[in-house]
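Worksheet: the structure to be examined is printed underneath.
For clarity, every value in this text was computed on a predicted model and none was experimentally measured. Just so you know, ligand 1 is whichever comes first in the structure, and atom 1 is the first atom listed for that ligand.
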Amino acid sequence: MTATIGDQKNSLNSDPSRGIILVVDDNPANLQVLSSFLDQSSFEVWAARSGEKAIQRLENDNLPDLILLDIMMPGIDGFETCKYLKSESNPRVRDIPIIFMTALSDTADKVKGLRLGAVDYITKPFQHEEVLVRVEHQLKLKNLTKTLIDKNTELQQIQTQLIQAEKVATLGQMTAGIAHEVNNPINFIAGNLNFVEEYFRDVVNLLELYQKYLPDPPTEIQNAIKTKDINYLLNDLSKIIQSMQVGTDRVTEIVSSLNKFSRHGEAGKKLANLHEGLETTLLILGHRLKANAHRPAIKLIKEYGELRLIECYPGELNQVFMNLISNGIDAIEEIKKNQYFDENFRHIGMIWIKTEVIGERVILRIADNGSGISEANRTKIFDAFYTTKVIGKGTGLGLSIAYQIVVNNHRGKLSCHSTQGEGTEFVIELPIR
Ligand SMILES: Nc1ncnc2c1ncn2[C@@H]1O[C@H](COP(=O)(O)OP(=O)(O)OP(=O)(O)O)[C@@H](O)[C@H]1O
Ligand SMILES: [Mg+2]
């Protein structure tokens with residue numbers, strides 16, 4: 001990077017210098033005049049006698065705030081030096097403003113200099129007041145630009161955080177809401193099923209008593225027993241009640257999982273079992289793993305190691321698992337879509353989830369054999385709003401939210417390895433305490 005605003009503040013605040021100016025001129029007299037004048041105006045002045053020397057000087061860690069550059073020099077001239085400093089390959093120095101020094105009459109030179117990326121020019125012979133005003137003006141502009149860029153980055157981060165908070169809150173509220181709504185009726189059914197079973201047993205006992213003491217019922221009853229196949233009916237009814245009980249148990253389990261997923265009403269870090277978080281997330285995403293009209297079911301391979309409880313925000317980590325696993329499923333669907341022209345293409349989508357403890361850290365790997373990510377795109381995936389999905393499908397926030405949660409909120413690491421066309425692996429590393 002170029003000299004940052006922090007550096008500038010240092011040079012402006014910690015010493016009386018108003019900034020560092022690199023003067024590049026092969027003429028010692030010019031150098032002398034400018035240096036002493038700028039020095040008197042409280043600038044720190046560095047001098048270079050040629051373009052080569054200037055470039056050499058800019059290889060140092062410390063960078064000037066502005067460059068005054070002569071055009072006519074032996075060796076590489078001012079234009080060449082400017083071109084080099086402003087090139088894409090020089091991100092460290094290309095934002096340092098350059099002011100050309102030119103003879104009064106050279107309009108073509110002025111235009112050429114400005115086209116090459118210089119911000120201004122001063123004319124020889126130098127008018128001290130003019131030089132000072134132009135230099136001050138450019139330094140002010142540079143500081144303002146830097147402040148603007150910083151503020152913009154800050155605002156973007158705040159925006160992502162707000163959307164993240166909103167997403168977490170909405171999903172949490174929704175799952176908590178569903179859990180709450182389903183909770184009452186399911187308790188009602190589960191509770192009454194016990195009575196149904198008890199009453200059914202009473203009725204069966206009563207029937208058996210009838211059969212015992214009235215073994216020869218009238219013909220109408222005998223016919224009814226035959227046509228209704230009463231033994232089968234009694235046997236089956238008892239099975240139906242059992243399966244209804246299994247069903248209600250399952251719904252009760254899901255409600256409890258939804259409650260755990262939203263971790264409703266929890267604030268602050270908790271000791272939590274990450275496998276529980278993974279399982280509740282998988283429960284919520286379960287429907288997406290099933291076979292559909294476009295592809296066979298996705299195979300889920302879990303290799304859970306022995307984990308200890310870790311200190312974390314469990315609701316947030318569930319959000320991370322949710323984003324990574326949904327991305328994996330999306331990538332598997334993507335590979336299928338890319339091959340739609342090939343009728344015989346059979347791709348079994350797979351998602352691997354592996355957990356282990358290494359030292360004081362928990363490592364979670366979530367991998368898929370989906371479309372993969374090209375090397376060029378891999379640098380962008382954690383950026384907010386970066387998405388390759390169609391409008392309406394992706395907001396491009398999943399990974400940037402995951403990154404903030406893992407790296408900022410948990411002091412962990414989130415990395416991505418991928419081969420295009422083969423698949424992707426995300427690795428989450430979290431400190432146990
Ligand atoms: N497992 C993966 N395999 C292939 N590409 C992936 C994978 N995970 C992420 N990507 C790429 O990274 C991009 C950004 O992912 P991110 O989760 O941030 O946003 P998104 O999934 O597009 O939208 P959403 O906000 O709904 O999550 C995706 O659009 C996709 O191109
Ligand atoms: Mg996503």
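Atom 17 (O) of ligand 1 has Asn327 ND2, 2.8 Å as its closest protein atom, hydrogens excluded (heavy atom only). The nearest protein atom to atom 4 (C) of ligand 1, hydrogens excluded, is given as Ile373 CG1, 3.5 Å; this is a heavy-atom distance.
The Mg ion (ligand 2) has Asn327 OD1 as protein N, O or S atoms under 2.8 Å away.
The side chain of Thr424, and not its backbone, has at least one atom closer than 4.0 Å to an atom of ligand 1 (non-hydrogen atoms only; side chain from C-beta on). Contacts with ligand 1 closer than 4.0 Å are made by no heavy atom of Leu324, backbone or side chain.
A donor and an acceptor atom, one from each side chain of Asn369 and Lys299, are nowhere located under 3.5 Å apart. Looking only at atom types and distance, the side chain of Thr424 has no donor-acceptor partner in the side chain of His417 under 3.5 Å away. In summary, the side chains of Gln319 and Tyr313 do not present any donor paired with an acceptor at a separation below 3.5 Å, with no hydrogens or angles considered. A side-chain donor-acceptor contact under 3.5 Å links Asn409 and Glu316.
Checked by distance only, ligand 1 and Ala331 stay at 3.5 Å or farther apart across all their nitrogen or oxygen atoms. Residue Phe426 has no nitrogen or oxygen atom sitting less than 3.5 Å from a nitrogen or oxygen atom of ligand 1, judged on distance alone. Ligand 1 has a nitrogen or oxygen under 3.5 angstrom from a nitrogen or oxygen of Lys389. The shortest N or O to N or O distance between Thr387 and ligand 1 is under 3.5 Å.
Ring geometry for His275 against Tyr304 counts as parallel: the plane angle stays under 30°, on a 0 to 90° scale with 60° as the upper cut.
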